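Counting starts at 1 for both ligands and their atoms, in listed order. Source: prediction; values computed, not measured.
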Amino acid sequence: MRLIVTEKNNSARRIAEILGNGAKESASYKVPYYTWSDADGDHMAIGLKGHVLNPSFPDGYSNWQKTDLHELIDAKLVKEPTDKNVLRALRKMAKDADSVVIATDFDREGELIGLEALSEVLEVNPEVESKVKRARYSALTRDEIERAFANLDQLSYELAYAGEARQDIDLIWGATLTRAVSLATRRFGSNFLSVGRVQSPTLGLIVERELERRAHKPQPYWEVLARFQHPDDAFEAHHAVDKFWKREEADAAVAGTKSPGVVSAITSRKVNRRPPTPFNTTAFAAEASSRLSITPSRAMRAAEDLYMDGFISYPRTDNTVYPSSLATRELVASLVRIPEFEAAAPLLDGKLKPTRGKKETTDHPPIYPTQAVNPGGLDGVHRRVYELVVRRFLATFGKPMITESTRAEIEAGSETYFVRGSVVVEPGYAAIYTYARSADDEIPRLEEGQSLELDGEPWIVDKETQPPSRIGQGKLLEMMEERGLGTKATRPDIIQKLFDRGYVFGNPPSPTETGIAMYEAFKRYVPRMATPEMTAELERDMDEIAGGKTKKDEVLEISRQMLHGTYEEVADKEEDLAKVIWAGMDEDRILGPCIVCERAGRKHDDGSPNMLRIIRARKSGKRFVGCQGWEADNPDACDVTFPLPQRGEVFKLEDRCSICGETPRLKVVPFRGRPWNLCLNEECPSMEEMRKRRAEREAARAAKEDSEKIDGDGASGDGAKADGAKVDSAGTKTRARRSANGRRSRSGKSRSRSRS
Ligand SMILES: [Zn+2]
Ligand SMILES: [Zn+2]
């Protein structure tokens, strides 16, 4: 029997469908597998759940306070199963195998997953060792799978070891420094502060930009505009001086403007925009983020699903050049038969010549649709992502988009004004890649020498210079790629982790004060972890291992030595480092201005608004939100309070909720289970919805518990535990209620509370 091992169940099923007409589905230890027979004999395909083994520290290192970190660094790592049922099923099948095909994804990670699975197989069936082959495919399509199984290859141990080295180094560095920093700041248990080899420099990119924004001093400037009459319609023109840095000069420009204006020059030029290059992972995720507002990690998950369904090619790729073997004409022909994409039909009239990007690799093709499906049949995010991939693919064969921009100058008295417009003359590729099509901005028909009466007086607009904008998630992915931070596979997850740990919030992400402090502390005391250099170096080592030029153990040893030194540095400056981080956490307790004080005209002593902040009551130890404007024994002072869940971490999401506009909005990260958003205003529509969803979940859970009692399987999801923390929040009953006049008054009478 030939055993085929894939990375996920979906790919095992697809391969069974393609290779074994009428394959039979069964399950072992609840893990599905597929069997069929043909002229070559019996076959069996089983899908793993990604990694079946993960490196971890051996027993005896789990106590954070008692473990010497130098010993932790040198501890010999062990492999732990990630899913026991998958391993049991795999071992059971391996016993009957007389040959094995590793058919995991075709990349470093896939090679490692294949090696892990193989080590399990060989433990129960060592004889099969000489009969192991590797199937490498880039799409779950019939052509590609048949080709891969007709040309079986060998497993690349080097590639697998490179993946393994990264895994080990990430674990050792992450665990050691996370423990070191958490211990230094006395953050134990689930309150720990996570540090990561790639995560920390990525946080640095976001923090550096934020610091630039904060350092920005807005400069005032003035713009001058005038309105001219025109037979079609009056229109606005801008003074030829873009920005007046002195108000007097703007005033002089207004005074010098006299009616009528005369059109003195008209210039127009055509601009060609070249069609986009084929999608690699980074460009794909960046476009999904900027054009569709889908976060990189969500876009990647959707792309993986579409790949598993056989709709698009493997989405983790650096390649931006289609291989010549790609049957582009057939593919385009099948795509344009779908009404959504018929705008690309004219492509078939000529020769199909795609654009090429800068990177050309041979492992995977760029991301392209492998099957024409009607996007209407897919659900929301999958539909939008599939459409993006199809439109991009078709666009790479398109003609340039041609726009014509026109600028007219108008002399009025001593001053010159201009109007500018831009019109798409030839949409080219933008007819199908609709995201790229610019809106027409037409100007009235003008002729040189034409006289135009002023329509009223010119006017001045006050403006000020803006700080550099925040880095969107798509752009962040590109910056990580440029700096060699993470891999195409890990980048979206690393960004997500920054959100989960409360180091950044919002979209585009901005850092919390804790996030800023973490980065600043590292930059000052452990520069090696704050900068991308070390990571880039490691990436080069990985490539050397993959290329067989160096050994995994050597790379690990050097990395461990480096970490001993880095940890020494942290230990030496532990107290200073903790102070920086504590100061940041303190800042994060300030949530946003109090709207009640704002409406009552109450301010802080220094004239700044009274802020709402997280306070811990000295007697009960309970935390809640109170206003800075509160004063003991002053009945006129602000006595607004809001309850908080007592367990889990809370982070500020918004100074003021973008949904109700009343109070700050927080993110609550429970010890277990999913983070959720909390608007302090209990009448906020977002909370309304949450209460509804919670009630639904509770009803569903009650139903589930009933059914579990019957079949005796006690596995309960994390969602159940997440709610535990929420129930707590309702227990602290000092809710502010809004009275008829829109002010808040407190229902509880107790005023005994202390400031932290
Ligand atoms: Zn207040
Ligand atoms: Zn709200």
Visitor: At the Zn ion (ligand 1), what's the angle from Cys594 SG to Cys627 SG, rounded to 10 degrees?
Guide: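 About 110°, to the nearest ten degrees.
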
Visitor: I need the SG(Cys660)-the Zn ion (ligand 2)-SG(Cys657) angle, rounded to 10 degrees.
Guide: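 Rounding to the nearest 10 degrees gives 110°.
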
Visitor: Within the 4.5 Å heavy-atom criterion, are Ile615 and Arg623 side-chain neighbours or not?
Guide: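 When only atoms from C-beta onward are counted, Arg623 and Ile615 do not touch, as no gap falls below 4.5 Å.
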
Visitor: May I have the angle between Cys597 SG and Cys638 SG with its vertex at the Zn ion (ligand 1), rounded to 10°?
Guide: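 Approximately 100° at the metal, rounded to tens of degrees.
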
Visitor: With a 4.0 Å cut-off on N to O distance, would you call Glu513 and Arg214 a salt bridge?
Guide: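 Looking at Glu513 and Arg214, the cut-off is met.
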
Visitor: Determine whether a donor-acceptor pair (N or O, by modelled atom type, separation under 3.5 Å) exists between the side chain of Ser289 and the backbone of Thr295.
Guide: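 No.
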
Visitor: Just so I know, are the side chains of Lys667 and Val650 near enough to count as touching, which here means a heavy-atom distance under 4.5 Å?
Guide: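 Not in contact.
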
